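Report on the following structure.
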Amino acid sequence: MYKILLIPGDGIGLEVIPAAERLLQATGLALELSYADAGWETFQKTGNSVPEGTLERVKAADATLAGAFTSPSGSQKVPGFKGAIRHLRRTLDLFANLRPAKSRPIPGSLQNVDMLMVRENTQGLYVEQERRYGDVAIADAVITKGASERVARVALSEARRRRGELAVVHKANVLPLTTGLFLESAIGVSKDFPDVRVYDLIVDAAAMKLVRDPQSFDVLVTTNLFGDILSDLMAGLVGGLGLAPSANLGEHHAIFEPVHGSAPDIAGRGVANPAATFLTAAMMLNHLGEEEVARKIDQAVDQVLMEGPRTGDLGGKATTREFADAVIEALNHL
Ligand code: NAI
Ligand code: MG
């Protein structure tokens, strides 16, 4: 029996997580599923984006599946507000963010792409230490040898299980002290993985190469902000945010979430693509050791992507529920 915590969060999270709950129930696995609150709406109601009770339940769960969390954009800080997912990642020390990008059987996806971004998840500019002095604003970027080494080890282990290649992405030519330390640390631990071919790429060159020659990549590892941006680019090459899954892994806890956000432009209409969350659920089950069921979910999603119905982001007309029904039906026949 696995204890799975579901946190819908905000916007389309409230649509894709209940769809994933139905999918998980359809797997036939012994799962104890329960819900908890976090996010912008929770902050507005309680003054806390991640209530203490939610944090305790994430810690007690075998794995957590989260939807999406709104963070308001603006030039001012909202007093007392912490971005829910970033707060969870840092508090629970979920230091590695795994974001696979794999070809899907749809017209909008490049073919023969199978790569994995491993993004450092707790540091860099995302420590959210910003100050403003009138018309001047300053942000700190924190990089430590320890955090860089441990995320590099995760990336090297993943590369070892895959095609054995790792690109370390950085900007050490301009920022040698911060991203240079990241590069040096990653190259340092790669000595323990002589079977992995490790090379480095400057982030702007990496962006171009990802667009021009994505088939050449296996695993990439980089700092928080670069990984955030490049992983969306990678998702765009293989069908977009509606299909991009991710895992936040720490030593003791794990939170799985689609790469996309709360999509306020389509939220509340029941048309969000739940595929990203389904593929995320598959990553979660894989992590729990249920490789067979995980593989079947992946296969069922691909089958429906190929045969339809498809959701609006992929040019179709299906609702979240119709797509989910089709995947559950396909899963039942595998
Ligand atoms: P977004 O990912 O929410 O949306 C970007 C575009 O992709 C929108 O046009 C949206 O409709 C579309 N899209 C995203 N997921 C989709 C899906 N499953 N099906 C169909 N279309 C989909 O990013 P945006 O608009 O930049 O941010 C909106 C909010 O989400 C912000 O408050 C932001 O802070 C938050 N956000 C949260 C993330 C998280 O919880 N990990 C990640 C990214 C953004
Ligand atoms: Mg992002």
Side-chain angles (χ1 to χ4, degrees), residues 6-20 23 37-44 49-50 54 58 64-75 77-78 81-90 92 94 97-99 104 106 108-109 117 119 121-122 126 128 224-225 227-248 254-281 283 301 304-305 309-324 327:
L6 304 170
I7 309 181
D10 299 302
I12 62 169
L14 299 160
E15 301 164 35
V16 294
I17 290 294
L23 176 78
D37 292 328
W40 175 245
E41 273 187 40
T42 304
F43 171 75
Q44 286 178 312
S49 63
V50 182
T54 296
V58 174
T64 296
L65 183 64
F69 304 103
T70 296
S71 294
S73 293
S75 63
K77 277 189 179 177
V78 178
F81 176 71
K82 294 184 195 120
I85 192 67
R86 289 181 299 285
H87 182 62
L88 283 163
R89 288 167 181 162
R90 281 200 305 265
L92 299 171
L94 307 177
N97 189 333
L98 274 55
R99 298 183 160 193
R104 296 289 166 188
I106 50 167
S109 170
M117 168 61 78
R119 161 189 174 191
N121 217 14
T122 59
Y126 284 31
E128 295 179 81
N224 210 335
L225 175 65
D228 189 6
I229 298 169
L230 290 181
S231 59
D232 272 34
L233 183 153
M234 289 160 62
L237 297 173
V238 291
L241 288 176
L243 300 177
S246 85
N248 299 282
I255 299 181
F256 298 79
E257 46 149 1
V259 171
H260 64 71
S262 55
D265 55 336
I266 59 164
R269 299 189 355 227
V271 298
N273 188 352
T277 309
F278 291 179
L279 297 172
T280 301
M283 278 182 93
V301 168
V304 177
L305 288 176
R310 295 181 187 147
T311 46
D313 57 314
L314 302 178
K317 286 196 169 66
T319 61
T320 306
R321 176 166 269 277
E322 285 162 352
F323 183 87
V327 173

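All values reported here derive from a predicted model rather than from experimental measurement. All ligand and atom numbering here is 1-based and tracks the order in the structure.
Contacts between Pro264 and ligand 1 below 4.0 angstrom, taking non-hydrogen atoms only, involve the side chain exclusively.
Using a 4.0 Å cut-off to heavy atoms of Phe69, the atoms of ligand 1 that qualify are 35 (C), 36 (N), 37 (C), 40 (O). Applying the 4.0 Å criterion to heavy atoms of Ala68 picks out, from ligand 1, the atoms 40 (O). Near Thr70, the atoms of ligand 1 lying under 4.0 angstrom from a non-hydrogen atom of the residue are 32 (O).
In this structure, of Val259, Leu241, Asn97, the residue bringing a heavy atom nearest to atom 5 (C) of ligand 1 is Leu241. With Thr277, Asn273, Val16 as candidates, the residue nearest to atom 18 (N) of ligand 1 on a non-hydrogen basis is Asn273. Counting only non-hydrogen atoms, the option in Ile12, Asp313, Asp232 that gets closest to atom 16 (C) of ligand 1 is Ile12. Distances from atom 32 (O) of ligand 1 to the heavy atoms of Ala84, Gly240, Ser71 show the closest one on Ser71.
For Asp265, a nitrogen or oxygen atom sits less than 3.5 Å from a nitrogen or oxygen atom of ligand 1, counting backbone and side chain alike. Checked against a 3.5 angstrom limit, the closest N/O atoms of Ala263 and ligand 1 fall inside it. Looking at ligand 1, you'll find an N or O of Glu257 within less than 3.5 Å of one of its N or O atoms. Of the N or O atoms in Pro258, none lie within a sub-3.5 Å distance of an N or O in ligand 1.
Contact record, Thr42 with Asp37: OG1-CB, 3.6 Å, taken as the closest heavy-atom pair. When every heavy atom of Leu14 is checked against every heavy atom of Pro8, the shortest pair comes out as CD2-CB, 3.7 Å. Minimum interatomic distance between Asp10 and Glu41 (heavy atoms only, all atoms of both residues): OD1-N, 3.0 Å.
If you take CG on Asn121 and CG on Leu92, they are separated by 11.0 Å, rounding to the nearest 0.5 Å. For the atom pair CG (Leu243) and NE2 (His260), the distance works out to 9.5 Å, reported to the nearest 0.5 Å. Taken to the nearest 0.5 Å, the CD1 atom of Ile255 stands 12.5 Å off from the OG1 atom of Thr280.
Residue contact check for ligand 1: Ala276 places no non-hydrogen atom closer than 4.0 Å to it.
Applying side chain to side chain donor-acceptor pair (under 3.5 Å) to Glu128 and the options Arg90, Lys82, His87 leaves one that passes, Arg90.
Within a 6.0 Å sphere centred on CZ of Arg321, heavy atoms belonging to other residues, nucleotides or ligands number 12 at most.
Between the side chains of Arg86 and Ser71, at least one donor-acceptor pair of N or O atoms lies under 3.5 Å.
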